[in-house]
Every structure is written in C-alpha cells, then in structure tokens.
Amino acid sequence: MIDIQLLRAGLDDVARLLATRGYVFPVVEFSELEAQRKHLQTRTQELQARRNAASKQIGNAKVRGENASSLFEEVANLGHEVKQIEAELESVQAALNHILLQTPNLPHPTVPIGIGEADNQEVRHWGTPRVFDFPIRDHVAIGETLGLLDFQTAAKLSGSRFSLMTGELARLHRALAQFMLDVHTREHGYQEAYVPYLVNARSLLGTGQLPKFKEDLFEVPRKNSEPVLAVSAGPKHDLEDNNLYLIPTGEVPLTNIVAEKIVPLESLPMRLTAHTPCFRSEAGSYGRDTRGMIRQHQFEKVELVQIAHPQESYEALEELVGHAEKILQKLELPYRVMLLCTGDMGFAAAKTYDIEVWLPAQQAYREISSCSNCESFQARRMLARFRNEKNKPELLHTLNGSGLAVGRTLVAVLENYQNADGTVTIPEALRPYMDGLRLLSTAG
RNA sequence: GGAGAGAUGGCCGAGUGGUCGAAGGCGCUCCCCUGCUAAGGGAGUAUAGGCUCAAAAGGCUUAUCGAGGGUUCGAAUCCCUCUCUCUCCGCCA
C-alpha cells in the first residue's frame, strides 16, 4: 500500500508515476471519494464530540444526584444521526481502501521506464555459456532417458504441471536445497526458519497477493466458513476470510513474521531464509512453458527475506542479489542480472533485479530469482515497524528474493552439465551432499 | 472431538456501567542528588487518523482495552458471534 498522504499531497504526480508501470490510477474517483471522506469525517467527529460531551455531563449530573432529563432529550436524536453518518463514512473509507489495496507500489527513481521484458536492462553477467560438440538435449529428455523424471505418472496423480522425480535425481533436488540453505546461513548471515505452508488471508494481504491476485492462489476452504474477502476501512481487522491458502512463495510467511510488530532498532537488518514448497495456480499462463518443469503448480524455493532500516534498504537489496548470485557462482552456472523496468515489476516492488540462468536447450537466459525492495509497501499493509532513533515507531522496509528456485536450478544443472552419453556431471559444490557421487546415470 | 480458564499500553498487572486512554509496577528518556562496581528524588513516556496552521511548533478533535456485532444518553466493564492462548481428557504423525 502506498502512503495515502502522498496521494492527498500530489495526486497527479503519483498518478503519473504509476502510469509508467502501466497502471491507471482512478484519479477522479479518488478525489471525489476524498472530498466526501473529508466532509463526512469532520461531521462525524463533530457529532461524536457532542455526544461524548453530553454523556459526560449526564454522568456528572448523576454523580451529584441531579436530574438530567433535559440532557437526555438533547442527546436522544444525536444517536441516530451519528449511526447513519458513521455508516456513510465507513462505506466511503472502504471504497478508498479498496483503491489503495489495488494500487501497485511506486517505482524507485533508478528504475528504467519501460513497458515490458524488452525494456529491462542487463546490469552484469557472469560465466560463459558452454559450447557443446553434441546435440543439446533439454532437461525433460535428459531426465526421462535416465529414467529419473516422469511427467506421465505425475499427470496421473495430479494432472498437468506436476513432476515426479525418483532416485538420484530426487536426491540431487534435495541436495540443491540443502546446499543453498547452508550457504545462506553459514556465509551470508541468514537465520533459517521453518514456516507454515498454509497461511490466512491477512498474511497474503500483508505481502500483496490479496486481494488482487486471488486467482493465482490455491485456496483451502475451512469447514463452516464463508469464503468472503471483505475489504473495508482499517488495514488490519476487516478480513472476514477464514480460509487458508497454499503459499505461492516463502516470502509470505517469512515477511509476515514482523507483521504488527515493533522490532527494536538494534535487531536490524533481520535476515531470514526458508526452504519451502510454493503453489501457484498459473491461471493465465496457458500454453506457456508447458513442457518440462520450468512452470509448475508445485515447486521448491529457498527464499531470502530482509527486514531493513529504510535508510539501508537499497544497500540491502544489492547485498541480497549478491547472495543469490553466489549460489550460481558456486554451481558454476552462467547467468545475467537484469534490472526490471517499470512495466515488468511485480505489484509490491519498488525496484527489482531478476537473475537469469543460461539454459542451453533454450539458448536463452531464464529467470531463476527475483529480488525486490518493497520499501514500506508491505510494511504499511501489515503494520511492521521499528523504533527509530527518536524512539518513535516507523515503518520498516521489506525485501525478498529467491535464493534460488530449486526446480529451475535443477533444470539448469541438468542442461548445463549434460554429457554426450546422456549422463550428467554433478557440480562439485553438490557432491558433498551426494556422498561424493560425480555422475548422474541410469545405473545411479 | 469433549470440559474448563483466559486475552488490558514496550512488558507485568489493576479495573464489573459515567471525571478511564486506562491505577500501580518494570523498562525507557531527561533532570537533580550522591559518589562508585550500589542507591535515592523529580518530570516525562501508547498508536492510527481528522481539522487547523504557509511550514514547524502548537491547538482542537475522533477512534482504539483480542476481532466483529448488540444493549445504553454513556461500555475495558453487560449480551451475542468469532479468533487465538492455556489446562485436563480423547485421538493422532
């Protein structure tokens, strides 16, 4: 959520900035609602003040044993009017809140303006794509030939966009996650966390997946609950949605750890990591990446989250990207880092770097990590604060990034490390996690 | 699943219809005293808003005692619903 004060002070400027992201802010509707809000709120508070004063007088009169019947009359009609105007105010504020909750974050000044993927800027690249002297096969062919990857059976169990891995491939997948966690906890100072994979609507509202992107989520209805997402006035206590949702990313539980908290200054920055499954409905991506395990309903990710002081969050973003890059460097996989343009950024992000790994079979760099500074956008939604130097509560900045997507990393390993005979060399960094195994083969 | 108890400010904890945004304590900040590996005295110390002000300061004001609803002129306090926590029993990886 962006700061409503910004909208009040400079509506046109904000709208212009949002337009660079391809978002049309409802300027007219907002100003009209704001005008109504101002009028209704002033009036409401006037009436409330009168009622409070009269009630206080009645109290005083009673204490002195006096007759207060004239005061009763004065207040009698006030009650109805107050109730009515309160209801009006509430509906206006709900409408304003609805607009705010739908509005994406403002881009940082250093973000290039653009419409889509083509306008992203390469910041740097690392490693050189390997030159193959035999026909390159993709990870599906490699895995299926080895007999370790089976999409048909997965489809039988669950449908499309699921995968079944067995034997040393399943183990390699597990090894990748362990390896990533170890690097981040031992070398980058992250605290490991084990988190819920089912979260409530409030958490998803906090990180920005709800209310706008409900169709991307898998919802788990609770018994006897009405699946209603009621979004009204206040930022926190208006969610009637009792249902649970499968997390689309570990960012959700990890970031919401600080929701409604005031963390002490000295505990910043907080660095958290977790290995979690992620579940996405992939609605609206029909026909994209239908082959293989690039785009799945269920995949594993090691997530990095930082909770930072506002003045240090952009430094933290650079560090966080570096932490994710480190994994690819240790695995010796070529990649490039892209600075996303305004039009390609996610809803909550103020600035995002994507890391794209080289996939030989596609002859392309593909996203394997996305690292964002959300500034106070999420913190405002979930009321995550710290005590600043003046001992006053102030909104935190939240950052998140993949470190890395495990499934896609596995794809990258299979394709980049494939051999002419159909085997796959296991990257050196992973061998300690594989009992020293050097080669993925049918025998293995 | 059954039975019971609870949820108050950064923390502990009092408060069962009116001067309670909330006693007292702890913590924290500032000041004074003392003088050293102690202590004592005083003052201050919730959050989110609105209006006002050129801005800051300030002033006026609203809401918030787990959440939502109700009763009432008036609710932390009474009623209803929900959520969460704790204890015991049952079941279970």
Side-chain angles (χ1 to χ4, degrees), chain A residues 1 3-10 33-94 96-97 100 194 196-203 205-206 221-244 256 258-268 376 379-396:
Chain A
M1 201 147 58
D3 191 348
I4 195 166
Q5 307 287 359
L6 289 175
L7 287 162
R8 291 193 182 127
L33 284 167
E34 248 304 285
Q36 283 180 50
R37 189 226 95 226
K38 193 165 172 174
H39 169 254
L40 286 170
Q41 185 164 354
T42 312
R43 179 82 187 125
T44 303
Q45 296 190 352
E46 247 174 55
L47 290 172
Q48 286 170 334
R50 264 184 29 214
R51 185 197 59 195
N52 290 348
S55 292
K56 199 162 268 189
Q57 280 178 41
I58 291 173
N60 288 337
K62 288 239 164 170
V63 166
R64 291 193 299 267
E66 293 168 10
N67 189 329
S69 56
S70 62
L71 286 164
F72 274 97
E73 249 172 71
E74 188 191 324
V75 179
N77 296 320
L78 221 54
H80 302 287
E81 203 180 340
V82 167
K83 246 172 213 168
Q84 195 195 324
I85 201 158
E86 272 176 349
E88 276 176 57
L89 177 63
E90 197 181 320
S91 86
V92 168
Q93 271 175 336
L96 279 169
N97 203 240
L100 279 180
Y194 171 83
Y197 303 151
L198 284 164
V199 295
N200 57 30
R202 174 187 296 194
S203 297
L205 195 86
R222 273 189 170 161
K223 278 186 194 169
N224 309 322
S225 90
E226 296 287 316
V228 183
L229 182 70
V231 179
S232 58
K236 47 178 197 159
H237 29 63
D238 45 27
L239 278 175
E240 308 266 321
D241 185 349
N242 255 340
N243 294 342
L244 293 173
N256 274 287
V258 291
E260 286 159 60
K261 270 179 133 172
I262 300 176
V263 307
L265 184 63
E266 56 272 19
S267 63
L268 300 179
S376 59
R380 185 170 293 106
R381 286 169 162 246
M382 58 192 184
L383 215 60
R385 296 171 294 177
F386 70 105
R387 274 196 196 281
N388 65 19
E389 293 74 2
K390 289 180 199 148
N391 213 31
K392 280 280 169 195
E394 184 182 330
L395 291 173
L396 286 158

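Below, all heavy atoms of this structure are taken into account, side chains as well, without hydrogens, waters or symmetry copies. First the proteins, then the strands, lettered A, B, ... as listed; each starts at 1.
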OP1 or OP2 of G10(B) sitting under 4.0 Å from any side-chain N/O of Lys261(A)?
-> no
Between U77(B) and G17(B), how far is it from one P atom to the other, in whole Å?
-> 11 Å
Asn60(A) CG - C73(B) P separation (whole Å) | 18 Å
Pair Arg202(A) + Glu260(A): basic N to acidic O under 4.0 Å | yes
For nucleotides C12(B) and U81(B), find the distance between their P atoms and express it as a whole number of Å.
-> 29 Å
Considering heavy-atom distances to RNA chain B, does Glu46(A) or Gln5(A) have its closest nucleotide positioned more toward the 5' end?
-> Gln5(A)
Is any side-chain heavy atom of Gln93(A) less than 4.5 Å from a side-chain heavy atom of Glu90(A)?
-> no
What nucleotide, of C51(B), G18(B), A63(B), holds the atom closest to the side chain of Ser55(A)?
-> G18(B)
Residue matched to C53(B) through Watson-Crick or wobble contacts both under 3.5 angstrom | none
Do Arg387(A) and Pro393(A) come within less than 4.5 Å of each other through their side chains, counting heavy atoms only?
-> yes
Separation of U47(B) atom P from Ile262(A) atom CD1, nearest Å, is 7 Å
Atom CG of Asn388(A) to atom P of U47(B): distance rounded to whole Å?
-> 10 Å
For A14(B) versus G1(B), give the span between their C1' atoms, rounded off to a whole number of Å.
-> 37 Å
Have a look at Ala49(A) and say if it touches a base, only the backbone sugar-phosphate, or nothing, with a 4.0 Å heavy-atom cut-off.
-> sugar-phosphate
In whole angstrom, give the distance that lies between atom CD of Gln41(A) and atom P of A63(B).
-> 11 Å
U71(B) pairs with, by Watson-Crick or G-U criteria that keep both distances under 3.5 Å | none
Go through the side-chain N and O atoms of Ser55(A) and Asn52(A) and say whether any donor and acceptor fall under 3.5 Å apart.
-> no
Are any non-hydrogen side-chain atoms of Leu268(A) and Leu396(A) less than 4.5 angstrom apart?
-> yes
Touch check for Pro393(A), heavy atoms < 4.0 angstrom, all strands: base, sugar-phosphate only, or nothing?
-> sugar-phosphate
Pairwise P distance, G13(B) and U8(B) [rounded to whole Å] = 9 Å
Could you check Lys38(A) against Gly59(A) and say which one's nearest nucleotide on RNA chain B is further toward the 5' end?
-> Gly59(A)
Taking the same atom, P, in C28(B) and in C65(B), what whole-Å distance lies between them?
-> 29 Å
What interatomic distance, in whole Å, is found between P of A48(B) and the corresponding atom of C89(B)?
-> 45 Å
Taking everything shown except Glu86(A) itself, do over 12 heavy atoms lie less than 6.0 Å from its CD?
-> yes
Does some side-chain heavy atom of Glu81(A) sit less than 4.5 Å from a side-chain heavy atom of Arg43(A)?
-> yes
Checking N1-N3 plus N6-O4 or O6-N4 for Watson-Crick, or N1-O2 and O6-N3 for wobble, each under 3.5 Å, the partner of U37(B) is none
Locate the shortest heavy-atom distance separating Met1(A) from Arg381(A); write the atom from each residue and the value.
-> N-NE, 3.2 Å
If only side-chain N and O atoms of Arg50(A) are considered, is one of them under 4.0 Å from the OP1 or OP2 phosphate oxygen of U61(B)?
-> no
Are Lys56(A) and G74(B) close enough that a side-chain N or O sits under 4.0 Å from OP1 or OP2?
-> no
A23(B) pairs with, by Watson-Crick or G-U criteria that keep both distances under 3.5 Å = none
Calculate the interatomic distance between Glu86(A) atom CD and U62(B) atom C1'; express it in whole Å.
-> 10 Å
Say you pick atom P in G6(B) and the same atom in G10(B); how far apart are they, in whole Å?
-> 24 Å
Nearest whole angstrom, please: distance from the C1' of U47(B) to the CD of Glu394(A).
-> 15 Å
Find the partner of G4(B): check Watson-Crick (N1-N3 plus N6-O4 or O6-N4) and G-U wobble (N1-O2, O6-N3) distances, both under 3.5 Å, and reply none if neither fits.
-> C86(B)
Who does C65(B) pair with, Watson-Crick or G-U, both distances under 3.5 Å?
-> none
OP1 or OP2 of A63(B) under 4.0 Å from side-chain N/O of Asn52(A) = yes
Describe the nucleic acid contact of Arg43(A) in one word from base, sugar-phosphate, nothing, applying a heavy-atom distance below 4.0 Å.
-> nothing
Base of G49(B) paired with side chain of Gln45(A) (donor-acceptor, under 3.5 Å) | yes
Distance in angstrom units between Arg202(A) CZ and G66(B) P, rounded = 14 Å
Looking only at atom C1', what distance separates A22(B) and C79(B), rounded to whole Å?
-> 23 Å
Please determine, for A43(B), whether a Watson-Crick or G-U wobble partner exists with both distances under 3.5 Å, and give it or none.
-> U29(B)
Quickly work out the Ile58(A) CD1 to U19(B) P distance and round it to whole Å.
-> 13 Å
Is the shortest side-chain N/O distance from Arg51(A) to OP1 or OP2 of A63(B) below 4.0 Å?
-> yes
Taking any strand in view, what nucleotide pairs with G17(B) in a Watson-Crick or G-U wobble way, both distances under 3.5 Å?
-> none
